[in-house]
Amino acid sequence: MSDLMKMEFEITAFGLEGHEGYSEAYRQNEIVRTKLVSRDTTLGEVEVVIKELMAEIRQEFIQPPEYVNAKVVLRVKSENGELKYLG
């Protein structure tokens with residue numbers, strides 16, 4: 001079994017933006033990235049990656065976005081009683 005697994009990070013931000021000719025305009029941006037990480041990766045190390053991606057997506061907005069969400073995905077299947085990480 002490999003000592004690496006693919007972790008998928010999805011960061012979504014939504015917020016108000018000024019747009020000429022409209023009383024209100026909203027914008028939604030999304031970053032989707034994958035990273036090969038060790039099976040020994042800690043939650044703290046995952047949080048560091050999430051904070052970096054959230055800071056990156058916030059820079060794309062003129063005004064602070066109303067929300068920024070993160071989703072982390074590990075794709076796993078069971079094979080002969082063993083977990084096999086996909087990717």
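Fair warning: this is a prediction, and the values are worked out from it, not measured in the lab.
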Looking at residues at least two apart in the chain, or sitting in another chain, which of them share a side-chain contact (heavy atoms from CB on, under 4.5 Å) with Q59?
-> none
Here the pair of heavy atoms bringing R39 nearest to M5 is CA-CE, 4.0 Å
With sequence neighbours excluded, residues passing side-chain contact (heavy atoms from CB on, under 4.5 Å) with E47 = L43
Taking the six-membered ring of F61 (Phe, Tyr or Trp), confirm whether the NZ or CZ of R27 is under 6.0 Å from its centre and within 45° of its axis.
-> yes
One should read off an interatomic distance between T12 OG1 and E30 CD, to the nearest 0.5 angstrom, of 4.0 Å
For V46 and T41 the tightest heavy-atom approach is CG2-CG2, 3.9 Å
Determine the minimum heavy-atom distance between K6 and L74, stating which atoms define it.
-> O-CD2, 3.7 Å
Begin from the C-alpha positions of E66 and Y26 and carry the test side-chain contact (heavy atoms from CB on, under 4.5 Å) through to its verdict.
-> CA-CA 10 Å; E66 292 182 26; Y26 290 87; 3.3 Å; yes
Flag, side chain of E82 to backbone of E79, donor-acceptor distance under 3.5 Å | no
May I have the step-by-step check of side-chain contact (heavy atoms from CB on, under 4.5 Å) for T34 and M7, ending in yes or no?
-> CA-CA 6 Å; T34 60; M7 207 174 263; over 6 Å; no
Could you walk me through whether V68 and I11 pass the side-chain contact (heavy atoms from CB on, under 4.5 Å) check?
-> CA-CA 7 Å; V68 179; I11 311 297; 3.9 Å; yes
For atom OH of Y67, is the number of surrounding heavy atoms from other residues, nucleotides or ligands below 6.0 Å larger than 12?
-> yes
Nearest heavy-atom approach of I50 to A70 is CG2-CB, 3.7 Å
K35/V49 under side-chain contact (heavy atoms from CB on, under 4.5 Å): CA gap, chis, key distance, verdict = CA-CA 10 Å; K35 186 173 188 155; V49 175; 4.0 Å; yes
